[in-house]
Number of protein chains: 4
Amino acid sequence: MPDEEQRPPERARRLPRAVRERQILDAAVQVFSRHGYHSASMDEISEVAGVSKPMIYTYLGSKEDLFGKSIQREATRLLEAIQAGVQPDLPPDMQLWHGLRSFYRFVAEYRESWTVLHRQALTVGGAFAAEITAMRTRAIELVAALVVSAGTRKGLAQQAEFSGAGLSAALVGAAESLADWALDHPEISDGVLASWLMNLVWLGFNDLVEGEVWKPRPGETASEG
Amino acid sequence: MPDEEQRPPERARRLPRAVRERQILDAAVQVFSRHGYHSASMDEISEVAGVSKPMIYTYLGSKEDLFGKSIQREATRLLEAIQAGVQPDLPPDMQLWHGLRSFYRFVAEYRESWTVLHRQALTVGGAFAAEITAMRTRAIELVAALVVSAGTRKGLAQQAEFSGAGLSAALVGAAESLADWALDHPEISDGVLASWLMNLVWLGFNDLVEGEVWKPRPGETASEG
Amino acid sequence: MPDEEQRPPERARRLPRAVRERQILDAAVQVFSRHGYHSASMDEISEVAGVSKPMIYTYLGSKEDLFGKSIQREATRLLEAIQAGVQPDLPPDMQLWHGLRSFYRFVAEYRESWTVLHRQALTVGGAFAAEITAMRTRAIELVAALVVSAGTRKGLAQQAEFSGAGLSAALVGAAESLADWALDHPEISDGVLASWLMNLVWLGFNDLVEGEVWKPRPGETASEG
Amino acid sequence: MPDEEQRPPERARRLPRAVRERQILDAAVQVFSRHGYHSASMDEISEVAGVSKPMIYTYLGSKEDLFGKSIQREATRLLEAIQAGVQPDLPPDMQLWHGLRSFYRFVAEYRESWTVLHRQALTVGGAFAAEITAMRTRAIELVAALVVSAGTRKGLAQQAEFSGAGLSAALVGAAESLADWALDHPEISDGVLASWLMNLVWLGFNDLVEGEVWKPRPGETASEG
DNA sequence: TATGAATGAGTATTCATTCAT
DNA sequence: CATGAATGAATACTCATTCAT
């Protein structure tokens, strides 16, 4: 029962395929993020997209296909957003900070994308979990590589007490978890979130307790939130 | 098609209600952890439990109820396991370390419990997310309170750069993420996992890079894995 | 929308599984014979059976399964009916005649069974066609064996002009075709139908034209239609 | 997903209507014979024809129309082929034999046509069955008339034991059934097939058993396969 | 107490058919 | 003339849930 009063974007107008596909993917991300994979219905997606169900199947395949393509698009967006924020000629800590800022900015701006990626992608067994894990791995390598390698140069990884992969997993988990927390605290800017995390992983409780604080150095960032 | 010749545990015997409920919850946790909330079917649960479906409804209510009660039982188990591990008369860092060890031991031993709590509970909208969040909050307060409060004594929280809640969320996220990672690396003992995390959150990269390493002090732990 | 005024057999009463299965198969044969495999809808079958769709799936499986089981049951019925009619101690021609009579009696009495077997079973590709072909083959061997072997004894099959299998196929086709024709001419008794066919395949046009006629010999048949 | 690089026959070229219609009917017969009426999709037909779906609807109407026209065209072809083979100045048995040969030649050469006519046309309720029956009737009258009338001259039909229509139905059924059988035995020539059938219906088992055999008389046939 | 029997309600998917260009 | 774009309508199948026994 599509409401007559609110017409979704350009219903039933003959639009080129590419446009329709975008519309559908937008709707899919929205609906999947709201209800999760299983509870989302193709009916609702088609309604939100302003497109009939057959079009979805024609253009993007089955529900599973659609979910996969949604995931993929959003994952790409997220990684690109992060990469765009990193400035390779800065010192490692500043790079990490900038990467984190981009990440939190993305999460704030594209809540739905983040929800789909972080929460919903895990609910579907196998294939998607793998895809998400792959993306997470890329994220780990992208964001944390610099830190780990920085440490490695000084012999960090050589110590028996340490595992690069395990540490990276922990770091990414911390960043994600803080992102989730931040969704309920929109008043905290991405710069501050990034700084918090830097204090945690860069300085650690010990230094914090001693009164040391990590701060982004001025001149190295355009707009602090 | 369950063959008649292989009888599931105690099928159709008159058993006291409490026993039945435990059987059912055990089965529910198992099945939910395998397939997730939506894909799990009451049929499979009843089959695994060796109990007819009407019994499940009589004893534990709807599927949603059943899931909620599963979550609750496992959450309690987890918290109790952690609490049992903490020794209040040790210094804060050792307390944290012991708590983390208990946590990783629990995850390793009760994979299914952990899966249900960590992965599956999020897939169901609203009610359960809240319950899980509550448990997480309790976990944060339980495990991290000492650290944060330790810092607070020295004025940590007063600094604008810092948020107890946010930091705790990050810490818990790190611990969870490392737990997930550890599921695929069973050769890493819980003591080592806990130490890694201590190095991350207690010392931070900066100190690590400088060559400092956090270690549990001997005599304060019974069996290091 | 099941009509309230005409209640199908015992709707919603708790009946033993075997009874339900029979009801469902009866309905399936009816509906499949009317509309063919593809056009038949599970909804209609369930309605006719006086049973909800889930029961059908629980008891008899998918639509394809259901069709297969319908076919099988009717094929068995048909073959048994024919076998029951044959009297092995009679001369070959009388045996054939009796077999044919049984066949035509069955077709007249169980129109729907015959329709499903003869018409509808071919519409579904592969698996069922094979099954039907198998049954046809059994029929050929059952009914025509005596004739062919009778001929063989005198060297019939040795002649290059002849193929047992091909001839049998033709004979069965003739019998089936006449059965179809008879459906529209219910006034012709099964005895007469069988006699016609005997005249065709036993005597052939040549002898008929010469005035010879094949007739069942009296005393060898109970009730001539 | 038809690739752009491999163009189906003459796609999108302006062609006269008659040509298009033939292309479409050819494709339709092909697809209908492969999948049957219901499983055949207009999409596949349009693809095979190299013509867009709207053209099919414009030129030949609905799916049902299309099927009907396919049937009609093939039926006409078949009848014409048979008629072309009959030579009216020969004796009845030779006429019948020649007609049968033409029939088997056609079936061998145009498998798809035959499949559509014999198998698929029956799967669609009502309208088409009638059309096919009509054609069958014409076939009966065409091929069998001579035989029956030959017999009639000598009083055959007068005998109570006999029905021209029923016998014809049986004869046609035998011929068809043998045609089906022959599809799986392409090594048997049309001449031999026709001879087999002649032996069955002309001489009958009785004479065959006695050693009599019907043979086409030399000089009356051009090329025996 | 315990369960086999039964179903209402919902969902993904497909296909013949038709506009707008 | 010719078609890519679009959909209404139908259908097989599943699952949580509840009686009647």
Side-chain angles (χ1 to χ4, degrees), chain A residues 2 10-17 19-21 38-46 50-59 61-66, chain B residues 11-17 20 38-46 50-59 61-66, chain C residues 2 10-17 19-21 38-46 50-59 61-66, chain D residues 11-17 20 38-46 50-59 61-66:
Chain A
E10 307 290 330
R11 180 167 197 112
R13 298 239 164 248
R14 241 23 91 98
L15 292 182
R17 177 171 181 149
V19 176
R20 284 286 188 228
E21 288 193 350
H38 285 103
S39 301
S41 85
M42 295 299 269
D43 269 309
E44 185 176 353
I45 294 175
S46 90
V51 155
S52 71
K53 268 188 296 177
M55 293 244 61
I56 301 182
Y57 284 90
T58 304
Y59 286 168
S62 72
K63 188 183 183 183
E64 208 170 320
D65 291 342
L66 181 57
Chain B
R11 185 172 195 103
R13 298 228 170 263
R14 300 288 166 106
L15 291 181
R17 175 163 183 153
R20 284 277 191 235
H38 285 102
S39 301
S41 86
M42 295 300 272
D43 269 307
E44 185 176 353
I45 293 174
S46 93
V51 157
S52 73
K53 272 189 295 179
M55 292 240 60
I56 300 182
Y57 283 89
T58 304
Y59 283 169
S62 72
K63 187 184 186 185
E64 208 170 321
D65 291 342
L66 182 57
Chain C
E10 306 290 330
R11 181 169 197 109
R13 298 238 166 247
R14 244 16 97 96
L15 293 181
R17 177 170 181 147
V19 176
R20 285 287 188 225
E21 288 192 351
H38 285 103
S39 300
S41 84
M42 295 300 270
D43 270 309
E44 186 176 352
I45 293 175
S46 89
V51 154
S52 71
K53 265 186 299 175
M55 293 243 62
I56 302 182
Y57 284 91
T58 303
Y59 285 169
S62 72
K63 188 183 184 182
E64 208 170 320
D65 291 341
L66 181 57
Chain D
R11 183 169 197 106
R13 296 228 171 264
R14 300 292 166 103
L15 292 180
R17 173 160 184 154
R20 285 277 189 234
H38 285 103
S39 301
S41 85
M42 296 299 271
D43 269 307
E44 185 175 353
I45 294 174
S46 93
V51 158
S52 73
K53 272 188 295 178
M55 292 241 58
I56 300 181
Y57 284 89
T58 304
Y59 283 169
S62 72
K63 187 185 186 183
E64 208 170 322
D65 291 341
L66 181 57

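Throughout, a chain's letter reflects where its sequence line sits, starting with A, and its residues are numbered from 1.
Stem regions for DNA chain F, each three or more consecutive Watson-Crick or G-U pairs with both distances under 3.5 Å and listed by first number, read E:2-21 with F:2-21.
Note: CG (A/Leu66) to P (E/dT11) measures 16 Å, nearest angstrom. Distance A/Arg14 CZ to F/dT7 C1': 10 Å, rounded to the nearest Å. A/Leu15 places its CG atom 13 Å from the C1' atom of E/dT21, with the value rounded to the nearest Å. Spacing between atom CD of A/Glu21 and atom P of F/dA6 amounts to 11 Å, rounded to whole angstrom units. In this entry the distance linking NE2 of D/His38 with C1' of F/dT11 reads 13 Å, nearest Å. Rounded to whole angstrom, the span from the CG atom of A/Asp43 across to the C1' atom of F/dT7 amounts to 13 Å. Protein atom CG of D/Asp65 is 14 Å distant from nucleotide atom P of E/dA16, rounded to whole Å.
Picking from F/dT7, E/dT7, E/dG4 the nucleotide with the shortest atom distance to the side chain of A/Val51 gives F/dT7. In the set F/dA6, F/dG4, F/dA12, F/dA12 carries the atom at the smallest distance from any side-chain atom of C/Lys63. Side-chain atoms of A/Tyr57 lie closest to E/dT14 of the nucleotides F/dT3, E/dT14, E/dG4.
Of the two residues near DNA chain F, C/Met42 and D/Lys53, the one whose nearest nucleotide lies more 5' is D/Lys53. Between A/Gly61 and D/Ala40, the residue anchored closer to the 5' end of DNA chain E is A/Gly61, taking for each the nucleotide with the nearest heavy atom. Across the interface with DNA chain F, nearest-nucleotide mapping of B/Ser41 and D/Thr58 shows D/Thr58 to be the residue nearer the 5′ end.
Dashed line: the shortest gap from a side-chain N or O of A/Arg20 to OP1 or OP2 of F/dA6 is under 4.0 Å. Regarding contacts with the backbone of E/dA6, a side-chain N or O of C/Tyr59 is found under 4.0 angstrom from either OP1 or OP2.
Using a 4.0 Å heavy-atom cutoff across all strands shown, A/Met55 reaches at least one base atom of the nucleic acid. Contact annotation for D/Arg17: no contact, since no heavy-atom pair falls under 4.0 Å across all strands. At the heavy-atom level, B/Ser62 lies under 4.0 Å from the strands shown only through sugar-phosphate atoms.
Shown here are the salt bridge (charged side-chain N to carboxylate O under 4.0 Å, His left out) partners of A/Asp43, two or more places apart in sequence or in another chain: A/Lys53. In this view, C/Glu44 and C/Arg34 satisfy the salt bridge (charged side-chain N to carboxylate O under 4.0 Å, His left out) rule, not counting sequence neighbours.
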